[in-house]
2 protein chains.
Amino acid sequence: MVEIYNMAGHLVRRLNQISVAVFADRMAAEGVELTPVQFAALSAIDARPGIAQAALAGAIAYDQTTLGGVIDRLEQKGFVARQVSSRDRRARVLTVTLAGRDLLARVRPVVRDLQGDILSGLDEDEKAQLLALLKKTTDAGNDKSRAPLTPRGGI
Amino acid sequence: MVEIYNMAGHLVRRLNQISVAVFADRMAAEGVELTPVQFAALSAIDARPGIAQAALAGAIAYDQTTLGGVIDRLEQKGFVARQVSSRDRRARVLTVTLAGRDLLARVRPVVRDLQGDILSGLDEDEKAQLLALLKKTTDAGNDKSRAPLTPRGGI
DNA sequence: TCGATATACTAAGCATGCTGATTATTAGCA
DNA sequence: TGCTAATAATCAGCATGCTTAGTATATCGA
């Protein structure tokens with residue numbers, strides 16, 4: 001028995017690995033090229049059109065530098081438009097394009113549905129319990145992360 | 001409210017982010033340069049000296065290609081030795097060096113201790129519950145991962 | 001108003017984590 | 001034995017995720 005098997009860090013990493021793989025498989029089955037980060041960004045921009053990159057990073061708990069690259073790719077695929085803000089010329093203001101909205105409408109139900117597959121082997125009560133515990137501990141540990149959630153940052 | 005906030009995928013990714021950050025902070029405090037993957041590999045090689053890379057990948061649930069790079073870096077830092085296997089010239093047989101054993105002895109208690117910090121905001125019962133649920137669902141979803149755990153694969 | 005400070009973004013560099021292809025070697029089978 | 005398939009590792013290439021540093025722009029206080 002390897003000593004890491006019962007460690008929180010190892011189990012969380014593995015579940016994240018499973019989560020990413022389930023997401024990739026479902027997107028491939030839909031014939032869509034979209035990563036979990038890209039979906040999160042697209043969905044959050046759609047919820048707050050005109051949000052700047054820094055605020056978006058805080059809204060979805062992603063590193064700002066990493067997010068820059070993610071937006072590059074979403075822009076290149078034509079799902080997101082990026083403009084210099086008129087109020088703050090440092091900032092880049094983001095909006096979802098028509099193609100992006102179409103994509104979102106299509107994958108949103110798929111993404112919602114796939115969440116259940118991530119937590120396989122658990123009954124509904126256990127899934128709810130796990131989600132509640134994950135929510136509680138991620139809230140408590142938010143500031144330990146290099147990319148904490150700051151839902152009300154900016155616009 | 002952004003729609004991803006209560007999704008399993010998002011919460012798991014965030015907890016993993018917290019886990020990685022806690023690990024990095026503790027290692028930095030120890031003055032040690034060691035990533036979670038590197039610790040996992042070192043620990044597993046120490047548990048099964050002479051293990052080959054492919055078997056190691058299965059033992060700690062890491063992608064084989066990624067693991068190759070991890071071993072490169074551990075070898076370069078002098079913590080792991082890599083030799084062509086005498087029984088199978090395709091395979092690279094791994095052992096922990098003396099320096100690697102010293103490092104392991106030093107960081108092992110730190111790594112064990114930091115596990116509690118990953119799951120902050122939970123009492124002992126909740127931590128045990130969360131660990132049990134994580135274990136149950138990662139076991140059930142093992143095959144969905146691109147790098148499933150195969151603890152008994154090869155020596 | 002000016003100067004220090006803070007903020008938004010980008011760039012470079014490194015480590016993970018994956019896919020697909022390639023090479024070397026081994027194993028299985030007719 | 002000899003052909004085929006499988007396996008171990010590596011390489012190239014791409015996306016995340018982070019650190020440090022740099023540039024442009026805002027903000028705040030003396």
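Throughout, a chain's letter reflects where its sequence line sits, starting with A, and its residues are numbered from 1.
- The two atoms that bring Leu34(B) and Phe39(B) nearest to each other are CD2-CB, 3.9 Å, heavy atoms only.
- Rounding to whole angstrom units, CD1 of residue Ile51(A) and P of dC9(C) are separated by 10 Å.
- Taking atom CD of Gln76(B) as the reference point, atom P of dC14(C) lies 11 Å away to the nearest angstrom.
- Screening Ile71(B), Val93(B), Leu74(B) against Arg82(B) for a side chain to side chain contact (heavy atoms under 4.5 Å, CB included) leaves a single residue, Ile71(B).
- Because its NZ or CZ atom is both nearer than 6.0 Å to the ring centre of Tyr62(B) and within 45° of the ring axis, Arg13(A) counts as a cation-pi partner of that residue.
- Rounded to whole Å, the distance from CD1 on Ile71(A) to P on dA8(C) is 15 Å.
- With rounding to whole Å, Leu56(B) atom CG is found 13 Å from dG17(C) atom P.
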Kindly give the atom pairs (protein nitrogen or oxygen, nucleotide nitrogen or oxygen) under 3.5 Å for nucleotides 15-17 of chain D.
from, atom 1, to, atom 2, distance (Å)
dT16(D), OP1, Thr35(A), OG1, 2.6
dT16(D), OP1, Gln38(A), NE2, 3.1
dT16(D), OP2, Arg73(A), NE, 2.8
dT16(D), OP2, Arg73(A), NH2, 2.4

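- Electrostatic pairing of Asp46(A) and Arg108(A) counts as a salt bridge here, judged by a charged N lying under 4.0 Å from a carboxylate O.
- A salt bridge does not link Asp25(B) to Lys144(A): none of the charged nitrogens lies less than 4.0 Å from a carboxylate oxygen.
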In sequence, state the C-alpha distance, the side-chain angles, and the governing distance for Lys77(A) and Glu33(A), and then conclude on salt bridge (Lys or Arg N to Asp or Glu O under 4.0 Å). CA-CA 10 Å; Lys77(A) 290 195 260 191; Glu33(A) 281 194 25; 5.0 Å; no

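- Distances shorter than 4.0 Å separate none of the side-chain N or O atoms of Arg146(B) from OP1 or OP2 on dC18(C).
- What separates CG of Leu67(A) from P of dC18(D) is a distance of 11 Å, to the nearest Å.
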Assign a letter to each nucleotide of nucleotides 4-12 of chain D from its 5' end: B, base within under 4.0 Å of a protein heavy atom; S, sugar-phosphate only; -, no contact. --BBSBSBB

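- The side chain to side chain donor-acceptor pair (under 3.5 Å) contacts involving residues 121-130 of chain B comprise Lys136(A)-Glu126(B), where partners must be two or more places apart or lie in separate chains.
- For the side chain to side chain contact (heavy atoms under 4.5 Å, CB included) test with Leu133(B), the passing option among Leu131(A), Leu134(A), Leu130(A) is Leu130(A); the others fail.
- Atom CD in Glu33(B) sits roughly 14 Å away from atom C1' in dG13(C) (whole-Å rounding).
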